[in-house]
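These numbers come from a predicted model, not from an experiment.
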Protein chains: 2
Amino acid sequence: MTNEAPQIPERNLSSSKGEAILRGGMQEFLKNGYAATSMDRVAKAAQVSKATVYSHFQDKEGLFIAIIKYLVEEKFQTIFEPIGTDNFATEPEIILKELANRMLDTASEELVFQNFMRVIIGESGRFPQLARAFVTNVEATGFRVLRDYFTHCPRFNFADPEAIARIFVGSIVHFLIVQEMLHGKDIVPMERDRLIDSLIALIVPDKKM
Amino acid sequence: MTNEAPQIPERNLSSSKGEAILRGGMQEFLKNGYAATSMDRVAKAAQVSKATVYSHFQDKEGLFIAIIKYLVEEKFQTIFEPIGTDNFATEPEIILKELANRMLDTASEELVFQNFMRVIIGESGRFPQLARAFVTNVEATGFRVLRDYFTHCPRFNFADPEAIARIFVGSIVHFLIVQEMLHGKDIVPMERDRLIDSLIALIVPDKKM
DNA sequence: GTCTATAGGCGGATAGAC
DNA sequence: GTCTATCCGCCTATAGAC
């Protein structure tokens, strides 16, 4: 609206120190959560002084929100839509199996994502707007991809494709939560293929196990 | 092993002050999580002095663990097995619908349970033993009840009843997490009956929606 | 057993030099 | 822009009176 010099378009990720602070803060907040993270540790992790942290971000809450918003809107937005689902020639059991495996691969291997979900859920009482951003950008993306696939793939004729999408995503995310995030692998062991194969057998018609 | 006077069998819930501390600590820890809760606020909530808190429990960590263990082992152990599933005469769709509705009723109405899950997941990095206790006493209980039902009810003949149980519990718990705990109700609205009906249609054979 | 008072440290945030 | 040094409050935990 004014004739001022153009600003850096998105958030200021170009400054070297600013980037370091975001990376350091990310490391600490994802490891410890919001309350247990101190600005001293963030500064140390970013290898800058605490005053420099406060010159780039208004306060602890502002830094935390900036970091989580970046993760929600940029880094993990597409984690639940890892492959193209516009291929209606390939057998649905192939497509769905590939989709489930990629979701679990990404989420299981990247410890960052598990810590990210831990923080989102753990802080969802104190930071409801971040939880909503997660639902909008991460969960809803997965729902949409699967709902569209179940709607448009001619092999399916579900009365409520969106509900089936919820069941698919929900089964996989809950599996991730119990086996990995809650350290349940040794308590209630289950190979991921058992879950995925049973899920696909329920969803894909004329498919006997 | 000795001739000493008999002690109170389980944890000491009989002392009036001790009970108040557990209740006050529960209120604060479930509302704020571990790190954001101060022992001053616990003492205030319990209407005792801080020194009294420390005379009943070794330290903050010990109090937290005592409270969460109580919730995991006593209060919420049966939240995922709310009705008898030994009735093989009633139609499975009736049994399963009732089961799903009771699980979601209890968990949705009791805000305490949502805060409890938030804390379990949020602190599962710092307190893995509490997360494992949750898996053992709460999640695995639900898995077992449904696996046994799918195994013994003659209407079913699943290749992997345990995996089907995971899908059932996972769909419902994930629905609870997204709609309630992550405040997604207004972002990705869905009546619970849509989820439950679609889930039952997938699981119960010869049942058309 | 329970209290008041306090020790001792770490927390978020800022002042002021460069 | 970045630093060092510091303010001040709240934190966990305890000492000592009753």
Side-chain angles (χ1 to χ4, degrees), chain A residues 4-8 10-68 119 122-123 125-127 130, chain B residues 4-5 7-8 11-68 119 122-123 125-127 130:
Chain A
E4 286 164 8
Q7 295 179 355
I8 287 129
E10 289 292 328
R11 82 196 75 257
N12 184 4
L13 288 175
S14 57
S15 153
S16 171
K17 300 271 180 185
E19 241 179 294
I21 293 165
L22 284 173
R23 272 202 307 273
M26 198 179 300
Q27 186 187 109
E28 294 299 317
F29 280 125
L30 290 186
K31 188 165 71 186
N32 310 309
Y34 179 75
T37 295
S38 78
M39 293 298 261
D40 286 80
R41 294 177 67 87
V42 170
K44 202 175 205 174
Q47 291 179 301
V48 299
S49 75
K50 195 158 54 161
T52 299
V53 175
Y54 278 96
S55 82
H56 285 252
F57 298 90
Q58 197 186 8
D59 54 16
K60 184 182 177 182
E61 197 172 305
L63 175 60
F64 180 68
I65 291 173
I67 289 168
I68 300 298
V119 172
E123 308 294 348
R126 195 193 317 265
F127 295 98
L130 298 180
Chain B
E4 287 165 6
Q7 297 178 353
I8 287 127
R11 84 197 72 262
N12 184 4
L13 288 174
S14 57
S15 152
S16 170
K17 300 268 180 184
E19 239 179 296
I21 293 165
L22 284 173
R23 270 202 310 273
M26 196 178 302
Q27 185 187 112
E28 294 300 317
F29 280 125
L30 290 186
K31 188 164 73 186
N32 310 309
Y34 179 75
T37 294
S38 78
M39 293 297 260
D40 286 81
R41 294 177 66 87
V42 170
K44 203 173 202 175
Q47 291 178 302
V48 298
S49 76
K50 197 159 50 163
T52 301
V53 175
Y54 278 96
S55 82
H56 282 74
F57 298 91
Q58 196 184 9
D59 53 17
K60 185 182 175 181
E61 198 172 306
L63 174 60
F64 181 67
I65 291 173
I67 289 168
I68 300 297
V119 170
E123 308 293 348
R126 194 193 315 265
F127 295 98
L130 298 180

Distance below 4.0 Å between A:Thr52 side-chain N/O and D:dT2 OP1 or OP2: no

Base-contact (B) and sugar-phosphate-only (S) positions in nucleotides 13-18 of chain D, heavy-atom cut-off under 4.0 Å, - elsewhere: BBB---

List the atom of [X], the atom of [Y], and the distance in Å for their closest heavy-atom pair.
| X | Y | result |
| --- | --- | --- |
| A:Val48 | A:Ile21 | CG2-CG1, 4.0 Å |
| B:Gln27 | B:Ala45 | OE1-CB, 4.1 Å |
| A:Glu123 | A:Ala35 | OE2-N, 4.3 Å |

Roughly, in whole Å, what's the span from [atom1] in [X] to [atom2] in [N]?
| X | N | atom1 | atom2 | result |
| --- | --- | --- | --- | --- |
| B:Tyr34 | D:dC11 | OH | C1' | 12 Å |
| B:His56 | D:dT12 | NE2 | C1' | 19 Å |
| B:Lys44 | D:dC10 | NZ | C1' | 13 Å |
| A:Glu19 | D:dG1 | CD | C1' | 17 Å |
| A:Ile21 | D:dC3 | CD1 | C1' | 13 Å |

All side-chain hydrogen bond (donor to acceptor under 3.5 Å, both in side chains) counterparts of A:Ser38, not counting sequence neighbours: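 Not a single residue meets the side-chain hydrogen bond (donor to acceptor under 3.5 Å, both in side chains) criterion with A:Ser38.
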
For B:Ser55, all residues meeting side-chain hydrogen bond (donor to acceptor under 3.5 Å, both in side chains), sequence neighbours excluded: none

Axis bend over the full length of the helix from C:dG1-D:dC18 to C:dC18-D:dG1, computed from five pairs that close each end, to 10 degrees: 10°

Any pair counted as salt bridge (Lys or Arg N to Asp or Glu O under 4.0 Å), so long as it reaches residues 30-57 of chain B, sequence neighbours left out: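 Only B:Glu28-B:Arg41, B:Asp40-B:Lys50 qualify under salt bridge (Lys or Arg N to Asp or Glu O under 4.0 Å).
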
Which pairs of donor and acceptor atoms, one on a side chain in residues 57-65 of chain A, lie under 3.5 Å apart (sequence neighbours left out)?
from	atom 1	to	atom 2	distance (Å)
A:Asp59	OD1	A:Glu61	N	3.4
A:Asp59	OD1	A:Gly62	N	2.8
A:Lys60	NZ	A:Tyr34	O	3.1
A:Lys60	NZ	A:Thr37	O	2.8

Spacing of CD belonging to A:Glu19 relative to NE2 belonging to A:His56, to within rounding of 0.5 Å: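 Between A:Glu19 CD and A:His56 NE2, I get 11.0 Å after rounding to 0.5 Å.
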
Nucleotide nearest A:Val48 (side chain, heavy atoms from C-beta), chosen from D:dC3, C:dG12, C:dC3: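 The answer is D:dC3, which lies nearest to the side chain.
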
Proximal nucleotide (of C:dC3, D:dT2, C:dG12) relative to the A:Ser38 side chain: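 Minimum distance to the A:Ser38 side chain belongs to C:dG12.
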
Upstream residue (5' side of DNA chain C) when A:Arg41 and B:Gln47 are each assigned their closest nucleotide: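 By nearest-heavy-atom nucleotide position, the 5'-most residue is B:Gln47.
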
